[in-house]
Chemist: 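Sharing a structure here in structure tokens format.
We count ligands from 1, going down the list as the structure has it; atoms in each ligand are counted the same way. All values below come from the heavy atoms of this structure, side chains included, with hydrogens, waters and symmetry mates left out. Bear in mind that the values here come from a model prediction, so they are computed numbers and not experimental data.
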Amino acid sequence: MAEIKCIGVLTSGGDSPGMNAAIRAVTRSAIAKGFSVKGIYRGYDGLINREIKPFTTESVSNLISRGGTILRSARSKGFMTEEGRKQAYDNMVAEGIDALVVIGGNGSLTGARIFAKEFDVPCIGLPGTIDNDLYGTDFTIGYDTTLNTIMDCVDKIKDTANSHERIFFVEVMGRDAGFLALNSAIACGAEAAIIPEELINEDQLKEFIGHGIRKSKNSSIVIVSESPKCGAMYYAERVKHEYPEYDVRVSILGHLQRGGSPSARDRILASRLGAGAIDAILDDQRNVMIGIRNNEIVYVPFKDAIRSDKSVDSRLISVLKEMAI
Ligand code: F6P
């Protein structure tokens with residue numbers, strides 16, 4: 001195996017709070033262990049267009065508390081083509097980059113997996129997504145901050161919901177996964193969570209309304225996972241038609257969920273995983289995502305990390321139901 005001297009780092013896909021902390025950790029840990037580092041801008045597009053700069057420890061100063069990603073992010077269309085990946089590889093060689101650390105979600109690690117196979121490039125992934133949907137890690141970087149952001153928003157929505165005695169359907173992100181919706185519902189004391197994992201079961205709206213809203217409560221919060229077919233608007237419209245006695249409103253939290261300064265948990269997670277990526281390179285690991293399970297750093301092969309069946313803990317569904325009686 002060729003000696004690794006220079007490590008390239010990039011962020012890709014939807015940004016998440018803590019990506020900057022991860023860039024900082026990768027850079028500082030790599031330099032501490034004798035590697036040089038290059039920052040690649042705008043995700044894989046930056047490899048294709050050669051937007052690459054040498055990084056020093058100073059390049060990542062004052063980053064741990066900053067949301068977003070200083071490297072910028074993109075969902076690269078070019079990298080989905082063979083031609084684009086070949087260009088990316090040629091630029092990597094020209095820049096003297098021997099290994100890549102990719103911070104991103106499912107799509108980004110899928111890209112890394114294909115690239116690594118095609119060109120025999122050592123790639124290490126870090127789970128950077130608010131969705132928490134990567135298999136093999138208990139938490140992804142950004143998830144905790146977003147949960148806290150949702151909680152703050154819903155606490156405020158509850159005030160007005162109470163004043164007007166309304167049902168609020170609050171839509172949260174998560175793509176095809178219900179981690180954000182289910183856990184924020186517990187954290188906010190919501191009456192229900194409508195999540196993609198449960199859509200195949202009984203009609204979640206009927207189940208929620210069927211319980212009736214407790215007489216002692218004068219408002220109700222339902223957290224709904226985003227979905228093109230049945231997001232918060234869909235359920236609100238249904239309540240308007242099927243249960244006209246209720247006063248209903250919708251709040252779609254949108255991209256504010258992705259911004260903000262990372263929580264302490266995310267900063268620590270990003271720092272541990274970033275350092276873990278460099279340890280993995282030293283350990284001759286290839287094509288693995290660095291995850292955390294039971295508070296231990298683990299190496300998860302890309303093929304497992306991108307599996308689409310990471311499931312929500314059904315015990316949490318029971319807890320939420322019990323809390324809402
Ligand atoms: O994967 C992260 C995520 O924020 C999802 O929760 C959401 O569905 C999607 O990205 C939104 O992407 P965009 O920023 O392109 O609208």
Chemist: Which ligand 1 atoms, with their elements, are less than 4.0 angstrom from a heavy-atom of Ile130?
Modeler: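 Atoms satisfying the 4.0 Å criterion: 4 (O).
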Chemist: Which heavy atom of the protein is the closest neighbour of atom 16 (O) of ligand 1, given with residue, atom name and distance?
Modeler: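 So the nearest neighbour among protein heavy atoms is His255 NE2, 3.0 Å.
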Chemist: Tell me if the aromatic rings of Phe169 and Tyr234 count as close, with their centers under 6.0 Å from one another.
Modeler: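 So the answer is no for these two rings.
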Chemist: What is the closest protein heavy atom to atom 4 (O) of ligand 1, and at what distance does it sit?
Modeler: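 Minimum-distance protein heavy atom for atom 4 (O) of ligand 1 reads Arg258 NH1, 2.8 Å.
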Chemist: Do me a favour and list the nearest non-hydrogen protein atom to atom 9 (C) of ligand 1 with residue, atom name and distance?
Modeler: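 The closest heavy atom on the protein side is Arg175 NH2, 3.7 Å.
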Chemist: List the steps and the verdict of salt bridge (charged side-chain N to carboxylate O under 4.0 Å, His left out) for Lys156 and Asp152.
Modeler: CA-CA 7 Å; Lys156 293 188 170 82; Asp152 289 346; 5.9 Å; no
Chemist: On the ring face of Phe168, is Arg249 found with NZ or CZ under 6.0 Å from the centre and within 45° of the axis?
Modeler: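 Relative to the ring axis of Phe168, which defines the angle, Arg249 lies outside at least one limit.
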Chemist: Can we say Arg166 and Asp247 salt-bridge, meaning some charged N sits less than 4.0 Å from an Asp/Glu carboxylate O?
Modeler: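 Judged by the 4.0 Å cut-off on N to carboxylate O distance, Arg166 and Asp247 do form a salt bridge.
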Chemist: Does the Lys NZ or Arg CZ of Lys117 fall within the cation-pi geometry relative to Phe302 - under 6.0 Å from the ring centre and within 45° of the axis?
Modeler: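 Pair Lys117/Phe302 does not count as cation-pi.
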Chemist: By number and element, which atoms of ligand 1 are closer than 4.0 Å to a non-hydrogen atom of Gly174?
Modeler: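 This gives 6 (O) as the contact atoms.
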Chemist: Any nitrogen or oxygen of Met173, side chain or backbone, less than 3.5 Å from one on ligand 1?
Modeler: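 Not met; the criterion fails.
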Chemist: Between Glu226 and Arg175, is the closest basic N to carboxylate O distance under 4.0 Å?
Modeler: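 No, Arg175 and Glu226 are not salt-bridged.
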Chemist: Would you say Tyr299 ends up clustered with Leu282 if hydrophobic residues are merged whenever their side chains have heavy atoms under 4.5 Å apart, either directly or through other cluster members?
Modeler: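 Yes.
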Chemist: Please list the nearest protein heavy atom to atom 7 (C) of ligand 1 with its residue and the distance rounded to 0.1 Å.
Modeler: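 Closest protein heavy atom to atom 7 (C) of ligand 1: Glu226 OE2, 3.3 Å.
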Chemist: Look at atom 1 (O) of ligand 1 and say which protein heavy atom is nearest, naming residue and atom and giving the distance to 0.1 Å.
Modeler: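 Looking only at protein heavy atoms, the one closest to atom 1 (O) of ligand 1 is Asp131 OD2, 2.7 Å.
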Chemist: Considering only protein heavy atoms, which is closest to atom 15 (O) of ligand 1, and at what distance to one decimal place?
Modeler: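 Sorting protein heavy atoms by distance from atom 15 (O) of ligand 1 puts Arg75 NH1, 2.6 Å first.
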